[in-house]
Structure formats: structure tokens, C-alpha cells
Amino acid sequence: MEVSVVLRKMKKYNPEIIEKKWQKLWAEKKIYRSKVDQTKKKFYVLEMFPYPSGKIHMGHLRNYTIGDVTARFYKLNGFNVLHPMGWDSFGMPAENAAIENRVNPKDWTEQNIRSMKSQLMKIGLSIDWEREISTCDPDYYKHQQKIFIEFFKNGLVYKKDSFVNWDPIDKTVLANEQVIDGKGWRSGAIVEKKKLSQWFLNISRFSEELLNDLNQLNNWPEKVKLMQKNWIGLSEGAEIKFKSSESKLSIDVFTTRPETIFGASFIALSVEHPLSLKFSENENFVKFRNKCLKFQEAKDSGQEKIGFNTYLFVDHPFLKNKKLPVYFSNYVLINYGNGAIFGCPAHDERDYAFAKEYNIPIKCIIKGKEKELPYCETDEKDTLTNSEFLDQKNIKNAKETIIEKIEKNKIGQKSIKFKLKDWGVSRQRYWGCPIPIIYREDGKILTVEDDELPIKLPEDIELGSSGNPLENHPNWKITKCSKTGMGAIRETDTLDTFFDSSWYFLRFCSPKSAQKAFETNELSYWMPVDHYIGGIEHAILHLLYSRFFARALKVCGKKIPKEPFKKLITQGMVCHETFRTKDNKWIDPKNVCKENGTYWTKQGDKKIKVIRGRSEKMSKSKKNVVDPDSIVFTYGADTARLFMISDSPPERDLEWSIDGIKAMYKYLEKIYDLLSSKLNFILTLKNDIELSHEEKKAYEFTNKTISLFSEDVKKYRFNTAVAKLRELSNFLIRRKLEGDIFDYCWSIYLRLIYIITPHFSQELAYNAGSDQIIENVKWPEADLNISSNSEETIVIQINGKKKGTINVEENVTKDKLIETILGSQNHYSINLSKTKKIIFVPNKIINFVV
RNA sequence: GCGAGCGUGCUGAAAUUGGUAAACAGACAGGACUUAAAAUCCUGCGGGUGGUAACACCCUUGUGGGUUCAAGUCCCACCGCUCGCACCA
């Protein structure tokens, strides 16, 4: 007997009691524990791990329900399933809370993890909690520091000066989202750009690979692949050197349109281009540069283009005696190409606007259909003009010719550039993983020795005063070089939290391993993640960084699949209706009532009219948040899970509806009432039993549902899967079956819905005399051989329009069918002599064309 | 501006490779039960025309065209919405 303790059976549906009861038993029996088993096929289901904010939200409930249904489905289908959970527990909210509430970030985080974990437990997820990890745990970040060191040793991480958002009042660095209208979110100070020396991961080294390998990801949404593709941003073109015959000046320019070189009339540089150093003493230039940087920061500065004339000139590489003026401009960006372009105003909108502004000549060199400049199309039929040896050539041809010429003249070469920039991982923050680097007094930058790891965060810190607590700590940063005894200071920056989440899925394979970040055996068994489920908001950064980590770790000699996630499911948001007052104050939908088509809320004694907005993603600011924990408390986890699954397909947004929840509860209650006293839980139907026609139909319907439901679950079409279950239950209720066939059909039903409503199914099975834990019962196999009727409904059409249907035996021939139709009472005014053509699709349709 | 996706009842949505549009739900309405309410059960629920009625016929998947025996599905144009990127040379 698997359920070895005797549990109280519930006659009435009481989710609160039964869910607690089974969760306790399942935990005691450790039924979700996963172990490597080479004799079984593995299946790794992972949902993106949560940030421990303290409370789960609807998005979590949806995400983890989708994952759980999947995990249980594959487990019951004989796979060895790994389904772990952990905490993405470093990050700014802990620091903010620490400042606001004077609590230690560690305590705050741990408290949040405890309360969120208990909320997750109540959802009844099939998670192997023995594998729980938390990124702020030194046992986790110790290995992360080792990874950083390995990256360092393999040249995958380096230090470089880079600009950050600096709050001069709080003396802190701000994330982009903490800068609101150019001001610090807390202090209100105008944010400055400050140059700091920071650590970078060399992700751009893999640009091409990360781009090309997207093609292998057949089970990723096209949308996500496209977003990554655009982010990596490949462009093909040429690099061209512009030199001056009068000075040493030489500027390397990148262009995707080298064939327009004869239309070049100026050079434009980013204000951060190396040449700008020559002007650093020039007051006007410094002013101009600051203005440009501000423009580029504030993305709403429009398309206004400003320039700074250097009065320097370079020679045109193909036109003798033609000199091109060199400008600095705000519209040239330092982090793309070389931060330098040649301007061809006739065929580039931006160059055109700039040239107009500064009276630079505009020379047309492409004969296109449209006469108006700028003409920026690249039509295959267009030909070049005013371009010497390129004249008459089409664009493609001209491009090839000019690149050849450039390479022959040794003034440049064909070139491929990527938008993807190296990943800056330094954060001037306390609550993150310390970077295991020391700066020795002799100027050397060294990684920390292995036996000194982990470099733990100090707990006696002062938060709330300005600056980085690690920087301000009296002695944490002061250390010694363990080899030489020389004085040294620690790196006080911590790692971007995306670093933490770029390898946690690897750690889940061997979360307890003390010596190594991951055990090769376990890793090679479990990886890659088979199904990875999470929000679309991580389409680029997290997923790209994780793909990069896999490659970078390979470079460090680790045996890891280079694509960590085989199939990706991006779930939509959970939305809810919104209400606003006339003066745009958001009102919680709970406080709104409807009368005669208008909406009201009460403020004090007054009734105030409110405007109904559209349904939007649940957010605190819009006051349309519903707390999943209270829903689980009131209606039970199974109701909540069923609702989360059945309304919309996973990738689409889900409309929250309390009526929907209530209806799910009623449905479960109805089935519970029906089955709790009547059912005997059985796994198979006795072979020797003689079934009536009706019973055969029920048997057939049930087995068909097994197959349809399983197919839908495999394809993540949970909403239609549930619809099929409801069709089955509607059918079974209506048929009023008795005895064995009743037991058989309903037992199958319970086994199918089990993956969605595990407590409900388990309780009913237990009530019905089963001592089995359904988690261990193999998924039912569909018997599709028995056919209770050999009839097919065939649609009769005239000119493609439905006129009626007729029931005939299966696989009827065309001639027989026509005969039957004409012989039937209602022959749908078909006149064969006027019929030109008869289209017949076996078992489906017959169409008379008249 | 560039790129992608989506437009189906009052609402969430279904509809294999083109083959019965609206499965399955929610809301609503009517009825049964009840002293009453709730719960539960039953019925109806895209629009129109004709008929006392059962019923019959016609229209209907954002708009307009096209391909096809047959279009929600394929093609073209337009309109609207959503998302991503955004001076990327």
C-alpha cells in the first residue's frame, strides 16, 4: 500500500483540508525527488526562478502552473523528470528595502524567501525542493566567483573605462530605470555621466556564433529568435581609411554602402571618437560634447542634428583634389562601427538633414525612380551615376567592385560589424556577488586564490549613507596578497545579477556539490533544459547571456551543451481590467460597481463616476493587482491552477476573472460531489466484460479523450486540453453510467486531470478505495481500436455552401453516396443533369457544382 | 521610421494539410425548486427575413479585391491594435 498512513476522507469538497493533507504526505514520501538514472530518459523542466520580493504574483502562479502541468505529464509518461526551484536573490530591491526599513538585506531576503516558499508550497508544485538554491548564498556565489576567475584566466573578462549614471547627491551609480527625466529617482539630482573603470565580459567574441546558432533552436518562438537576431545586429559592409595628404590625419570609417563613396561629401565623428582627445582643451568643443551626450541620453531629443566643424580635411580616396570636411556630430554613435562615418547626403536621410543644416554639397549618384532626395532605397534595378568606374553598374555589382578596389588599394577591406556590445558586469552596489579581484599595491590586478573563496559580503554595513557600502566599509576592502604579503585592496564592485542567473540551471543538476560548480556526470545527464518556461521580457538579455555562458564555459573546458535551452515557452502576462477617475487616479476594480452601464466608486460618502480603461498587465501602479495567495486560500490551489491553464493558450495574455475562478470551483465541486461516494477507482476494465452499445460509446469517448488530451498537453494547448476534458465529463454525466464502465471512465478522467488538479484527483481516488499515489501511476494508454459506430456524417454542399448533412456508413464510395442522397427523403433539390461536377472528399464532404 | 505579430459572438476563446465557423467556458436572460434568497438543475444566447409554430431561407470571421468546387485559413491592397528596436552608418 503506497498511502501507508490512514487519512481522513473528505465527503464534501474542501480544498483547504485536502490540499494540505496531500502536500504533507507527498513531501514525507519525497515523491518529487529526482536522481540520475541512466536507464531512464531524462526530462528537465524549468521555470525562470523568481526574485524573492516577498509575495508571489499572478505571473508566478501562471508560470509555475504551466511548468508543473508539464513536469507531471512527462513524469507520468515515464520520463525521469528534473523540476527544481531556486531564488534569484541578489539585487537592488533588497538594498532599497534596507535603506527604507533599516533592515539587513540578507535578513530581508531570507524572510522573503521563507514566505514566498510557503506560498509556492501551497500551489502544490511537483518540485524537488532538495535542490533549492539561492544566488545570495555563499555556497552558490563561491562557485560563481570561481567561474569569474576562470573567465579571467581565459581572457573572457577584462577591464575598461565606461560611462555610468552618477547621482551626485547620493554618490551612487544608478541603473537606467532609476533615472527619470534625467534625474535620480530618490535624490532628484540631475544625473551625470561619470567614467569608471569597469569589468566587461567578452560576449561580442561570440556574436557570430550566437547569431548563427539561433537557426538550431527549432523549438524556440520565432519572435524571440528574431529579437535576439536584431539585438546581435549583423551588418555587412566595408571599412575605409580616409587620409589627409597634408597631415597625419587618418580616419577609419565603417559603411554598409561603400558603393555610395562617390557621393561622400563630409566625414562625421562621434564626440567620443579618439580624435576628440585633440579637442579636449577646446572650450567650445567640450560644451558641444556635453550637449551631444545629453542628447543621446535623453532619447526624446528628436532627430535634431548638430555638428562641430573641426576645420580638418581628409582626401576622398578615389577623387583627386576632393577634400572632405571633418565634423563631430551627435548622430554618430561611438558604440557602433568605428564611431565614424562618411556622409553621403543624397542617399541617407540623416546625412541629408545634416548636410542641409551645414550647407554641405549634396551629390546624387544613384539613378532611381524617385527624383526627390534623399533617395535611400536599394532597388536592384537602380544604377550608379557620377561615380567614375562604378557608373552604369547596379548596386550589388557596384558594391562588389568598390570593395575589390578598396582592398586592392589597401585603404580598407570588407567588414562585418555587430551591434552586440560587450557586457558590463560591474555594479557599484552592496547586494551582489563580490568580484574576486584584488588590486595589489604594486599596481597588479590579481584574481583571488581558490582557497580564499568565497569572498563573502560583510554583514556589518552601513546602508543609507551615500556611496557604496563596500567602498565605505572600514576594513573589508583592505587585504593582503596571500602570495607576497603585499598590501592590496579588494574590488568593491559587485556583479550584475544577470551573471547569477546565467548559470543557475547548470547548478540545479548538482546543487550540493561543494568542490565543483557542477558535476560532469549529472550535468551531462540532465542538460540541456528540455522545456524552459518564462516571461517574454527575458527574450533578449537573460537568454542571450545564458547562451553566452554556455559557450564561455566551454572555452574554459567544461562539458556543456552550447545551447542550454532546447525548447522555450514564453508565457503571456496576466491582465485585469482597469478603472480611473476623471483626474486619472487609478481605482481598484474591487471598489468599482456597475449601475445602468456606468461605473462608480465610493470615496467617503460620495459616489464618484469612474472610467473603465482597457485590461492591462496587473501592476501596483494601476491598482489592478489580485493576490494569488488569497485566491489559493479561498478557492484552493486546484481551482487556481485549473483557471490559469484553461482560459488562454500560454503564450497569450490571460484575462483575470473572478467569475472564471468561481466557475472553476463550482465545476470541481460538482465533480467531487458526483464521485466522492460513488466511485471505485480502477485502472483497467475487466477483459471479459460485455459492453452495451451505450457503454461502448462511453469507452470510446474516454479513450479518444486520452489521446486528444495528451496531444494538446504536448503542444502546450492547455485551454483546448481542458475543453476536451469538459466534453468528456459532460458526456459522462449525461449518459448516467453505472458499474464498471462508470468507474473506468471516471478513473481515467481523474488520472488525466490529475496533472492540473493533483490534490483533487488524489483525494477522489483515495476516497474511491485506491491506495495508490497517482504520481506513480503510469499515464493511461489510449485504446483507439474499438469503434462503437461505423457511421460518418457527411456534409452536403451545393456550390460549396452547406445544405445539410447525411449519416452513412464509414468509407462509403462516391457513387453509393450520391445514390443514397438522391434516394433520401430530403434530396436537397439536387438535379444531376444540371450538375457540372461533383467533388467528393471521403468521409467528409460532397459538393455538387451546378 | 524599421521589424514582427494579431483583428472571429457581449467576453475569454475553438476550428489538422483550405472542407459543417463559433467547440469549451464566462457574462446575461428565461424557467424549475424555494415562503424567499443563495446554491443546484433545465433552456436560450452572431445577425436578418418570412411563418402562430415546428421550421425555412439569407447574411456573417476588421475593410475591399483575387485564387479555388470550397477561404477565418492562401495571395494583393487598405484600416486598426499590440509588441520589439529605434539616429546601428
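Chain identifiers are assigned alphabetically (A, B, ...) following the order of the sequence lines, protein sequences preceding nucleic acid strands; residue numbering begins at 1 within each chain.
- Computed from coordinates, the A:Asn843 CG to B:G19 P distance equals 16 Å when rounded to whole Å.
- Scored by the salt bridge (charged side-chain N to carboxylate O under 4.0 Å, His left out) test, A:Asp252 finds A:Lys241 as partners (sequence neighbours excluded).
- Under the side-chain contact (heavy atoms from CB on, under 4.5 Å) rule, A:Thr639 has a single partner from A:Glu669, A:Met664, A:Lys666, A:Met644, which is A:Met664.
- Under the 3.5 Å distance criterion, with hydrogens and angles disregarded, no donor-acceptor pair is assigned to the side chains of A:Asn624 and A:Glu616.
- When the shell of 6.0 Å around CD of A:Glu349 is examined, it contains 12 or fewer heavy atoms from other residues, nucleotides or ligands.
- A:His538 and A:Phe498 have perpendicular rings, their planes meeting at more than 60° on a 0 to 90° scale where under 30° would count as parallel.
- With 3.5 Å as the limit, one finds a donor-acceptor pair spanning the side chains of A:Thr720 and A:Asp712.
- Atoms CG (A:Asp647) and C1' (B:G26) sit 8 Å apart, rounded to a whole Å.
- Stacking of A:Arg289 on the aromatic ring of A:Phe328 is not recorded, the 6.0 Å distance cut-off and the 45° axial limit not both being met.
- Checked options A:Asn215, A:Leu217, A:Asn230; the residue passing with A:Lys225 is A:Leu217 (criterion: side-chain contact (heavy atoms from CB on, under 4.5 Å)).
- Between B:U73 and B:C6, the distance separating the two P atoms is 13 Å to the nearest Å.
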Sub-3.5 Å pairs of nitrogen or oxygen atoms, protein against nucleotides 3-10 of chain B:
none

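- Of the candidates B:A23, B:C87, B:G84, B:A23 carries the atom nearest the A:Glu727 side chain, counting heavy atoms from C-beta on.
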Between the protein and nucleotides 57-60 of chain B, are there any N/O to N/O pairs under 3.5 Å, and if so, what are the atom names and distances?
{"residue": "B:C58", "atom": "OP1", "partner": "A:Lys803", "partner atom": "NZ", "Å": "3.2"}
{"residue": "B:C59", "atom": "OP1", "partner": "A:Lys801", "partner atom": "NZ", "Å": "3.2"}

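- In this structure, the separation between CH2 on A:Trp423 and CD1 on A:Ile203 is 7.0 Å, given to the nearest 0.5 Å.
- No cation-pi contact links A:Lys305 to A:Phe354, judged by a cut-off of 6.0 Å to the six-membered ring centre and 45° from its axis.
- Distance check on atom P: B:G72 versus B:A21 gives 8 Å, rounded to whole Å.
- A:Lys417 forms a cation-pi arrangement with A:Phe254, by the criterion of a distance under 6.0 Å to the ring centre and an angle within 45° of the ring axis.
- Comparing B:U43 with B:G50, their P atoms are spaced 30 Å from each other, to the whole Å.
- A:Ile306 places its CD1 atom 13 Å from the C1' atom of B:C87, with the value rounded to the nearest Å.
- With B:U20, B:U17, B:C87 as the candidates, the nucleotide lying closest to the side chain of A:Thr793 is B:U20.
- Residue A:Thr720 has no polar side-chain atom (N or O) positioned under 4.0 Å from OP1 or OP2 of B:A13.
- Contact check of residues 701-719 of chain A against RNA chain B (heavy atom, cut-off under 4.0 Å) returns A:Arg717, A:Asn719.
- B:A15 and B:A86: their C1' atoms are spaced 38 Å apart (whole Å).
- A:Asn730 comes within 4.0 angstrom of sugar-phosphate atoms only, judged by non-hydrogen atoms across all strands, and of no base.
- Nucleic acid contact for A:Lys662: none, since no nucleic acid atom lies under 4.0 Å from a heavy atom of the residue.
- Each of A:Tyr667 and A:Met227 was matched to the nucleotide of RNA chain B holding its nearest heavy atom; the match closer to the 5' end belongs to A:Tyr667.
- The A:Ala663 side chain lies nearest to B:G26 when the options are B:G26, B:A23, B:G84.
- In this structure, the nucleotide among B:A13, B:A14, B:U20 sitting nearest to the side chain of A:Ser648 is B:A13.
- No hydrogens or angles considered: a donor-acceptor pair under 3.5 Å links the side chains of A:Ser615 and A:Glu655.
- B:G72 takes the anti form, because its glycosidic angle lies more than 90° either side of 0.
- Rounding to whole angstrom units, CG of residue A:Asp653 and P of B:U11 are separated by 17 Å.
- Ranking B:A39, B:G19, B:A15 by closeness to the A:Lys666 side chain, first place goes to B:A39.
- Going from atom CD of A:Glu655 over to atom C1' of B:C24 covers 18 Å, rounded to whole Å.
- With hydrogens and angles left out, the side-chain atoms of A:Tyr665 and A:Asp638 include no donor and acceptor closer than 3.5 Å.
- B:U63 and B:C69: their C1' atoms are spaced 26 Å apart (whole Å).
- The C1' atoms of B:C10 and B:C2 are separated by 38 Å, rounded to the nearest whole Å.
- For RNA chain B, runs of at least 3 consecutive pairs of the Watson-Crick or G-U wobble type, with both hydrogen-bonding distances under 3.5 angstrom, map to B:1-7 with B:79-85, B:10-12 with B:24-26, B:28-32 with B:40-44, B:46-50 with B:55-59, B:62-66 with B:74-78.
- Side-chain N/O atoms of A:Lys724 and base N/O atoms of B:C24 include no donor-acceptor pair closer than 3.5 Å.
- Expressed to the nearest 0.5 Å, how far CZ of A:Phe262 lies from CD1 of A:Ile366 amounts to 13.0 Å.
- Here B:A13 is the nucleotide among B:C85, B:A13, B:C87 with the atom lying nearest to any side-chain atom of A:Pro649.
- Note on A:Val722: nothing from the nucleic acid sits closer than 4.0 angstrom, heavy atoms only.
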Which side-chain N or O atoms in residues 268-275 of chain A pair as donor and acceptor under 3.5 Å with protein atoms at least two apart or in another chain?
{"residue": "A:Ser270", "atom": "OG", "partner": "A:Glu272", "partner atom": "N", "Å": "3.0"}
{"residue": "A:His273", "atom": "ND1", "partner": "A:Leu275", "partner atom": "N", "Å": "3.1"}

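- When the P atom is used for both B:G46 and B:A23, the distance is 9 Å, rounded to whole Å.
- The residue among A:Ile845 and A:Ile540 whose nearest nucleotide of RNA chain B lies closer to the 5′ end is A:Ile845.
- With P as the reference atom, B:C42 and B:G64 are 41 Å apart, rounded to whole Å.
- Counting only heavy atoms from C-beta on, A:Arg726 has its side chain closest to B:C24 among B:A89, B:C24, B:U20.
- Rounded to whole angstrom, the span from the CG atom of A:Leu234 across to the C1' atom of B:C85 amounts to 16 Å.
- Among the nucleotides B:C81, B:C69, B:A89, the one closest to any side-chain atom of A:Ile839 is B:C69.
- When only modelled atom types and interatomic distance are considered, A:Gln571 and A:Arg652 share no side-chain donor-acceptor pair under 3.5 Å.
- A:Val849 comes within 4.0 angstrom of sugar-phosphate atoms only, judged by non-hydrogen atoms across all strands, and of no base.
- In the model, A:Ser646 has no side-chain atom that pairs as donor or acceptor with a side-chain atom of A:Asn719 under 3.5 Å.
- Within 4.0 Å (heavy atoms only), A:Asp659 reaches sugar-phosphate atoms of the nucleic acid but no base atom.
- Comparing atom distances between the A:Ala723 side chain and each of B:U20, B:C69, B:A23 picks out B:A23 as nearest.
- Between the CG atom of A:Leu728 and the P atom of B:A25 there is a distance of 12 Å, given to the nearest Å.
- The interatomic distance linking A:His273 (NE2) with B:C87 (P) rounds to 19 Å, in whole Å.
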